[in-house]
Structures are given as C-alpha cells and as structure tokens.
Amino acid sequence: MSPRRNRPRGGESRNDSASVAGDRYGGGGRTEEWQGEEWSVRPVSGASAAGKRYRCPGCDQEIPSGVPHLVAWSEYGGVDDRRHWHKACWNAKDRRTTKVQRSRNAPRY
C-alpha cells in the first residue's frame, strides 16, 4: 500500500485553497446587478458581530449572531444602506414577491 498524499494534485497551490475558504467565510466580495442597479455583495462569517442580530429583508426573519450570511448594498448607497441577507434569500430575491407580510407583533426594523 502506498502512503497517503497530503499535497493537492493538479498544480493547485496552498494559497488557492485559502482564498476559497476566505470567500466562503467572510473574505472577498462581488458586484451583481439587481433591479437595474449595481449591488456590492460580501459574505460575512457572523463571528465578528457577537451579540448582534440582523433582520433579513428577503424573509423578514432574524439572522442570529454567529450565522454566516451576506451583506449587500447599492453602488450609490452609503453605509446606512447596507442590508444583511440570508444567502438563500439573496439567491431567491427575484422569485419573491415585493411585499413581505409581517405578523402583527413583529418589530419594524
């Protein structure tokens, strides 16, 4: 039996795999077009904002602290225009209706 190989095959360097992990857990960012505007989208690991909770505009549910999610803002918007989304909600934003129904007791953030 031959020994196990610890190095990746195919010329992938150690830095390549680190960038993939960074993109998944809070590094990098991208630009997407939505509703005729350019939006900056950045993944967030959720670990940096301990104790903070955000409300997803896609489903109107809370995003608890420590949960990985996305932050999106319009190209022309400022810091106050950033919104925290569940990744699935951001991906389904075109399939959702424009009005999200809130329950009577839901806070209006």
Side-chain angles (χ1 to χ4, degrees):
M1 180 185 299
S2 62
R4 184 176 146 211
R5 223 185 132 154
N6 289 328
R7 281 178 266 141
R9 296 180 188 200
E12 180 182 338
S13 68
R14 185 175 287 190
N15 294 337
D16 290 343
S17 61
S19 67
V20 170
D23 289 345
R24 184 174 177 192
Y25 295 110
R30 63 186 182 274
T31 304
E32 293 185 19
E33 187 172 335
W34 181 48
Q35 295 181 339
E37 293 183 46
E38 292 289 321
W39 288 75
S40 297
V41 181
R42 184 178 57 123
V44 178
S45 66
S48 61
K52 281 192 137 182
R53 292 176 178 241
Y54 302 102
R55 186 162 296 275
C56 174
C59 65
D60 200 37
Q61 300 295 314
E62 281 192 356
I63 302 172
S65 64
V67 173
H69 59 281
L70 300 174
V71 176
W73 64 96
S74 173
E75 179 181 338
Y76 300 107
V79 174
D80 294 335
D81 295 328
R82 291 183 298 185
R83 296 293 173 255
H84 295 254
W85 292 71
H86 293 107
K87 186 174 181 182
C89 294
W90 177 259
N91 292 337
K93 64 191 175 295
D94 294 326
R95 295 187 304 261
R96 293 186 182 272
T97 61
T98 56
K99 294 264 185 176
V100 174
Q101 297 294 321
R102 298 177 190 257
S103 68
R104 290 181 187 211
N105 298 333
R108 302 213 176 252
Y109 289 48

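FYI, side chains are in, hydrogens and waters are out, and symmetry mates aren't considered; it's all heavy atoms of this structure.
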Which heavy atom in [X] sits nearest to a heavy atom in [Y], and how many Å separate them?
| X | Y | result |
| --- | --- | --- |
| His86 | Gln61 | CE1-O, 4.1 Å |
| Ala72 | Val41 | CB-CG2, 4.3 Å |
| Pro43 | Gly29 | CD-CA, 4.4 Å |

Keeping the roles fixed (side chain from Arg55, backbone from Asp60), state whether a donor-acceptor pair exists under 3.5 Å. yes
Check for me whether Lys87 meets the cation-pi criterion with Trp90, that is, NZ or CZ under 6.0 Å from the six-membered ring centre and within 45 degrees of the ring axis. no
Once rounded to the nearest 0.5 Å, what's the spacing between atom [atom1] of [X] and atom [atom2] of [Y]?
| X | Y | atom1 | atom2 | result |
| --- | --- | --- | --- | --- |
| Arg30 | Arg42 | CZ | CZ | 12.0 Å |
| Leu70 | Cys56 | CG | SG | 9.0 Å |
| Arg95 | Cys89 | CZ | SG | 10.5 Å |
| Ile63 | Lys52 | CD1 | NZ | 12.5 Å |

Whether His69 and His84 hold their rings parallel, tilted or perpendicular, with breakpoints at 30° and 60°: tilted
Who passes side chain to side chain contact (heavy atoms under 4.5 Å, CB included) against Glu37, sequence neighbours left out?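 By the side chain to side chain contact (heavy atoms under 4.5 Å, CB included) rule, Glu37 matches Trp39, Ser74.
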